[in-house]
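All remarks here apply to the structure that follows.
Remember, predicted model here, so these are calculated numbers, not experimental data. Heavy-atom basis, side chains included; hydrogens, waters and symmetry copies ignored. Order of the sequence lines fixes the chain letters, A, B, ..., with proteins taken first and strands second; residue numbering starts at 1 for each chain.
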Amino acid sequence: MQQIIFTKSNKIPIPLLGHVEAGFPSPAEEELVDNISFDEFLIDNREATYILKVKGDSMIDAGICPGDMVIVERVAEPKVGDIVIARIDGAWTMKFFKKRGGQVYLEPANKKYKPMVPTEELEIHSVVKGVVRKY
Amino acid sequence: MDQPLSLRAYPRAIVHVDADSFFASVEQAVNPKLRGKPVVTGKERGIASAVSIEAKQLGVKRGMNIREIRQVCPGIIHVPSDYETYSLYSKRLFEIVRRYTPVVEEYSIDECFAEITGLRRPLKLSYEGICEAIKRDLEHELDIGMSLGLAPTKVVAKIASKWNKPSGLVTIPGRQLHQFLDKIPVVDVWGIGGMTERHLNSLGIRTALQFARQNEWWIKRHVTKPHQEIWHELNGRSVLPLETEERHDYKSISKTKTFTPATADRDYVLAQLAKNTENACIKARRHGLRARRFYFLLRTEDYRHCGYEMRLSNPTNAPNVLMSLIREHLDRIYRPDTRYRLTGVVLSQLQEEAYGQADLFGETISIDRMEKVLGVADQIDKKYGKHTVYFGTSHQAIKGKQYTGERAEKSRRATQTFKGEGDRKHLGLPMLGDVD
């Protein structure tokens with residue numbers, strides 16, 4: 001079984017297969033819609049897209065678990081509220097990108113961890129576009 | 001002396017794109033631990049196959065062996081090559097350049113030529129602006145430094161991209177050609193090697209500009225056709241076309257394998273040759289080609305080579321046919337008291353499968369039958385990964401340990417897999433490792 005969870009799904013075009021009415025066959029207008037592959041569905045800009053494997057549980061309350069695959073894209077500027085990948089002390093870290101009073105910081109989705117306020121420059125690598133979990 | 005070589009800025013606008021320290025840069029892009037550190041790739045071969053910018057600054061050079069590298073740079077990080085990931089980045093490099101122009105020549109894994117002549121209006125950018133945009137996309141999306149050269153010809157663009165590495169953009173319009181070429185030693189011109197340099201030096205020519213300034217009569221008298229073309233190109237007259245076809249017109253296919261320690265075990269050598277042959281044939285079949293000549297070779301511990309070449313009456317890409325030839329002729333070159341460190345095979349005089357001709361003795365029928373079997377094997381490999389099925393002779397080479405000690409280390413991508421990925425089948429996206 002495969003379950004796929006998406007963040008920011010509002011940006012991704014999803015094929016609509018018509019309405020289904022319970023109990024009655026529907027004259028669905030399937031022939032009017034096109035199919036896309038999971039690749040196309042999950043990836044916007046292929047040349048800028050990468051994958052990582054989640055290790056810790058710091059984003060567990062956002063529904064991202066250890067062992068999950070995150071699909072990330074290098075974008076020009078992260079937006080406040082995005083889940084981002086940052087390069088800190090020779091390792092990748094994944095947190096919410098937040099801003100308060102002009103100060104950017106990284107916020108985990110797990111009460112066990114504290115927000116990270118960068119002392120120097122914060123190097124944002126990419127923005128999380130999707131999460132894939134295969135059972 | 002100040003007279004320009006050309007009066008027009010860009011009669012044609014040709015860009016040369018070159019990734020800086022490509023393999024090492026890819027390693028630094030996918031592994032945050034390697035960022036800003038001296039890194040070399042090629043651990044499995046025991047040499048530096050690519051050198052990061054930081055390691056270059058410390059004096060490490062390409063081709064150095066482990067001992068030499070550690071001597072100049074004790075803190076070096078030596079990683080095994082990960083060609084799968086390099087190839088993904090290479091494809092991305094070309095795809096990004098193709099966003100701007102369809103005329104792209106994939107010159108090697110980490111460099112390309114692109115023609116942007118006439119694209120200023122549709123892209124609403126100057127030629128320099130187009131180069132800046134290409135460079136920005138490449139460096140941002142791939143996270144790797146890129147050096148670009150813009151010039152009216154391929155030869156000058158190639159020299160220009162090298163002029164300001166790393167992460168440089170050098171633009172040489174026709175009017176400035178003479179000022180630029182005055183600074184370039186003639187040997188640094190693409191296509192001019194050491195022999196030609198000595199020849200030109202003896203004629204009093206040391207810089208690219210001095211070469212470019214010669215008149216046509218002199219050029220025709222003193223240099224060969226390829227160098228006459230370079231002379232045109234240096235003068236801003238583009239004569240070398242961009243080869244935009246994807247490269248699949250293989251003239252020959254070769255597969256070699258080095259193994260350490262060297263061995264005198266005949267069965268092992270035979271197994272390595274069988275694996276070389278299988279791999280070469282897989283590639284030939286993928287491209288629909290058959291060989292009319294076949295060559296196999298051995299390299300001894302002390303770097304002596306011996307080989308044996310055959311003409312094939314029936315062009316083939318079937319490994320079993322070639323293996324029986326190797327078995328028959330191996331002892332012509334194999335010496336039991338010698339230790340070998342490399343085996344290899346070469347398929348040459350390749351022709352398209354469709355042109356096969358039946359022979360008089362019915363051999364074609366059994367070949368046909370074998371090809372059906374191999375076709376199925378290819379399908380199985382496609383579904384389950386390379387070498388799912390293979391010949392028994394290759395077993396020792398495919399399943400056996402190829403390296404011992406630290407050279408046996410696998411690339412990161414080979415060890416960081418997701419559920420559902422096989423040993424030899426991975427998702428087609430670069431894997432950056434673990435994230436906390």
Identify which part of N45(A) has an atom lying under 4.5 Å from any heavy atom of chain B, answering side chain, backbone, both or neither.
-> side chain
Checking heavy atoms, do the side chain of I85(A), its backbone, both or neither come under 4.5 Å from chain B?
-> side chain
State the CZ-CG distance between R46(A) and L88(B), to the nearest 0.5 angstrom.
-> 8.5 Å
To the nearest 0.5 Å, how far apart are CE in M69(A) and NZ in K419(B)?
-> 12.5 Å
With side chains defined as the heavy atoms from C-beta onward, is the minimum distance between V54(A) and D436(B) less than 4.5 Å?
-> no
Should the pair R99(B)-E47(A) be classified as a salt bridge under the 4.0 Å nitrogen-to-oxygen rule?
-> yes
Step through the shown structure and confirm whether more than 12 heavy atoms of other residues, nucleotides or ligands are within 6.0 Å of OH on Y83(B).
-> yes
Side chains of R35(B) and E123(A): closer than 4.5 Å at any heavy-atom pair?
-> yes
Do you know which two heavy atoms are closest between T49(A) and R92(B), and how far apart they sit?
-> O-NH2, 2.7 Å
Let me know if I71(A) has heavy atoms under 4.5 Å from chain B in its side chain, its backbone, both or neither.
-> neither
Contact origin within T417(B) toward chain A - heavy atom pairs under 4.5 Å | backbone
Side chain, backbone, both or neither: which part of S58(A) has an atom under 4.5 Å from a heavy atom of chain B?
-> side chain
Which atom of D434(B) lies closest to which atom of L52(A), heavy atoms considered | O-CD2, 4.4 Å
Side chain, backbone, both or neither: which part of E73(A) has a heavy atom under 4.5 Å from chain B?
-> neither
Contact class of L142(B) relative to chain A, heavy atoms under 4.5 angstrom | both
Most heavy-atom pairs under 4.5 Å with chain B, out of V75(A), V72(A), I88(A), belong to V75(A)
Heavy-atom distance under 4.5 Å between the side chains of R74(A) and H140(B), does that happen here?
-> yes
In terms of side-chain geometry, is the basic nitrogen of D143(B) or R87(A) positioned less than 4.0 Å from the acidic oxygen of its partner?
-> yes
Inspect the surroundings of NZ in K56(B) and state if more than 12 heavy atoms from other residues, nucleotides or ligands are less than 6.0 Å away.
-> yes
Is it the case that K134(A) places NZ or CZ above or below the six-membered ring of F418(B), under 6.0 angstrom from the centre and within 45 degrees of the axis?
-> no
Within the side chain of K33(B), is there an N or O that forms a donor-acceptor pair under 3.5 Å with the backbone of A91(A)?
-> no
More than 12 foreign heavy atoms under 6.0 Å from CD of Q103(A): is that the case here?
-> yes
Minimum side-chain heavy-atom gap L432(B)-I51(A) below 4.5 Å | no
Closest heavy-atom pair and its distance - A29(B), W92(A) | O-CZ2, 3.9 Å
